[in-house]
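To start, the structure itself, in structure tokens.
Quantities reported herein were computed from a predicted structural model and do not represent experimental measurements.
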Amino acid sequence: MAAQMAALNIVFEAPDNAKGPCPSMVRPIDLVHLAKQTMGDKTLEIEVLQMFARQARACLQDIASGETVRVGAAAHRLKGAASSVGAFRVSQTAEVIEETGGDAGAMAALGAAVLDAENFILKLCRG
């Protein structure tokens, strides 16, 4: 009886991977997350990533303005857009700027994260 109970406990335990694949924090874009968002449509993935890259550039320009309201609004937009495509480093650095107004170091980190994401997107579009 004890063996049967142990077997039942094992069978009905939540698996270790219940949350699915972990987001890739190594790549600038989490392709697993993006595939879920686009239902695996590769053409749509490229289109969404290209729109994200344009939006990210526009947000960086607003953030560079130094105007507190524009900086906060642009950082918020960028954070949301980055999260939706799986650009989690961009999202995290944008969140820091949204919350703190951003110092030069935070803005440089955001610029570097956006540049990494853009380069990754360009490589995907070529291949």
### Message
Please give me the minimum heavy-atom distance between Leu31 and Arg27, naming the atom from each residue.
### Response
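Smallest interatomic distance, heavy atoms only, reads CD1-NH1, 3.5 Å.
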#### Entry: Residue pair Ser91 / Ser83: nearest heavy atoms and the distance that separates them
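Of all heavy-atom pairs spanning Ser91 and Ser83, the closest is OG-OG, 2.7 Å.
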Using side chain to side chain contact (heavy atoms under 4.5 Å, CB included) as the criterion, list what pairs up with [X], not counting sequence neighbours.
X	value
Gln55	Cys59, Arg77, Ala81
Ala117	Pro28, Ile29, Phe52, Val90
Gln61	none
Glu67	Ser65, Arg70

### Query
Is there a path of hydrophobic side-chain contacts, each under 4.5 Å between heavy atoms of I, L, V, M, F, W or Y residues, that connects Leu115 with Met51?
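Different clusters: Leu115 never reaches Met51 through Ile, Leu, Val, Met, Phe, Trp or Tyr contacts under 4.5 Å.
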### Message
According to a hydrophobic-cluster definition based on side-chain heavy atoms being under 4.5 Å apart (Ile, Leu, Val, Met, Phe, Trp, Tyr only), do Val71 and Val96 belong together?
### Response
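No; Val96 is not reachable from Val71 via cluster members.
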#### Entry: Listed once per pair and sorted, the side chain to side chain donor-acceptor pair (under 3.5 Å) pairs that draw on residues 40-50, sequence neighbours left out
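Matches after skipping sequence neighbours: Thr38-Glu45.
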#### Entry: Pairs flagged by side chain to side chain donor-acceptor pair (under 3.5 Å) wherever residues 97-111 is involved - sequence neighbours left out
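For residues 97-111: His76-Glu98, Lys79-Glu98.
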### Task
Please say which of Thr93, Leu60, Asn119 ends up in a side chain to side chain contact (heavy atoms under 4.5 Å, CB included) with Val114.
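Testing each of Thr93, Leu60, Asn119 against Val114, the sole residue satisfying side chain to side chain contact (heavy atoms under 4.5 Å, CB included) is Leu60.
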### Query
Does a side-chain heavy-atom distance below 4.5 Å link Ile97 with Met107?
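With C-beta onward as the side chain, the pair touches.
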### Residue pairs passing the salt bridge (Lys or Arg N to Asp or Glu O under 4.0 Å) test where at least one lies in residues 109-118, sequence neighbours excluded
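Found Arg57-Glu118.
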#### Entry: Spatial distance of atom CZ (Arg54) from atom CG (Leu49) [nearest 0.5 Å]
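These two atoms lie 11.0 Å from each other.
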